[in-house]
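Remember, predicted model here, so these are calculated numbers, not experimental data. Positions are given from 1, in the same order as the sequence printed here.
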Amino acid sequence: EGLIYILKDLLARRGYEVIPTSHATLALKALKEHTFDLMIIDLKMPDMDGWHFIMKIRKEEKHQKVPIIVLSALLEQDADPGKSDLVNAYMVKPFEVAKLVEKIKELLKIAEL
């Protein structure tokens, strides 16, 4: 997906190291190989429902406290609000990059405490 690489470039220019994946299976592999400070997850992935992916990674102790931002074309109330406690932030596409960057900074500061 093109948005992943646009986000990677935008965030890399702001000093963030980004490991983009477009499929849940690739993301699960990356989660085994790397430690992440924050994750940005779309609910629509080609090989797995986003909520299923989030529930799967939240079961692992290593990832329970990692902040997660959901980026989705679905409005939050349409995206299964019963699962919103699994994530730290929810942003609807299209979104403002400045707001995403602010949310990233905020969540990373909280995670450092």
Do [X] and [Y] share a hydrophobic cluster, counting only Ile, Leu, Val, Met, Phe, Trp and Tyr and linking them when any side-chain heavy atoms are less than 4.5 Å apart?
X: Met39; Y: Val92; result: yes
X: Leu86; Y: Tyr90; result: yes
X: Ile57; Y: Met55; result: yes
X: Ile104; Y: Val97; result: yes
X: Val18; Y: Leu26; result: no

**OP:** Determine, stepwise, if the pair Leu3 / Asp42 fulfils side chain to side chain contact (heavy atoms under 4.5 Å, CB included).
**Re:** CA-CA 11 Å; Leu3 178 61; Asp42 195 331; 5.6 Å; no
Checking [X] side chain against [Y] main chain: does a donor-acceptor pair fall under 3.5 Å?
X: Asp49; Y: Lys44; value: no
X: Asn88; Y: Ile69; value: no
X: Asp47; Y: His23; value: no

Subject >> Results of side chain to side chain contact (heavy atoms under 4.5 Å, CB included) for Lys62 - residues two or more places apart only >> reply: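 Partners of Lys62 by the side chain to side chain contact (heavy atoms under 4.5 Å, CB included) criterion, ordered by chain and then number, come out as Thr35.
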**OP:** Can you sort out the partners of Lys29 under side chain to side chain contact (heavy atoms under 4.5 Å, CB included), two or more places apart, ordered by chain and number?
**Re:**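 With sequence neighbours excluded, Lys29 shows a side chain to side chain contact (heavy atoms under 4.5 Å, CB included) to Glu33, given in chain and number order.
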**OP:** Please round to the nearest 0.5 Å and tell me the distance separating atom CE of Met45 and atom OG of Ser22.
**Re:**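 Interatomic distance, Met45 CE to Ser22 OG, rounded to 0.5 Å: 10.0 Å.
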Original post:
Taking atom CG of Leu107 and atom CD1 of Ile40, what is their separation to the nearest 0.5 Å?
Top reply: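 Interatomic distance, Leu107 CG to Ile40 CD1, rounded to 0.5 Å: 9.5 Å.
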**OP:** With the side chain counted from C-beta on, respond yes when Phe36 and Ile19 share a heavy-atom pair under 4.5 Å apart, and no when they do not.
**Re:**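 The answer is yes; the side chains approach within 4.5 Å.
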Original post:
Just wondering, do Val70 and Met91 contact through their side chains at under 4.5 Å, heavy atoms?
Top reply: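 No - every pair of side-chain heavy atoms lies 4.5 Å or more apart.
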Original post:
Who are the side-chain hydrogen bond (donor to acceptor under 3.5 Å, both in side chains) partners of Glu102, not counting sequence neighbours?
Top reply: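 Per chain and number, Glu102 pairs via side-chain hydrogen bond (donor to acceptor under 3.5 Å, both in side chains) with no residue.
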Subject >> salt bridge (Lys or Arg N to Asp or Glu O under 4.0 Å) pairs, two or more places apart, involving residues 6-26 >> reply: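 Passing the test, one end in residues 6-26: no pairs.
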Subject >> Nearest heavy-atom neighbours spanning Gln64 and Lys59 >> reply: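 For Gln64 and Lys59, the tightest heavy-atom pair comes out as NE2-O, 3.7 Å.
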Subject >> By salt bridge (Lys or Arg N to Asp or Glu O under 4.0 Å) - contacts of Glu60 (at least two apart) >> reply: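 Expected list: none.
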**OP:** Please name all residues satisfying salt bridge (Lys or Arg N to Asp or Glu O under 4.0 Å) with Glu96, sequence neighbours left out, ordered by chain then number.
**Re:**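 Applying salt bridge (Lys or Arg N to Asp or Glu O under 4.0 Å) to Glu96 gives Lys99.
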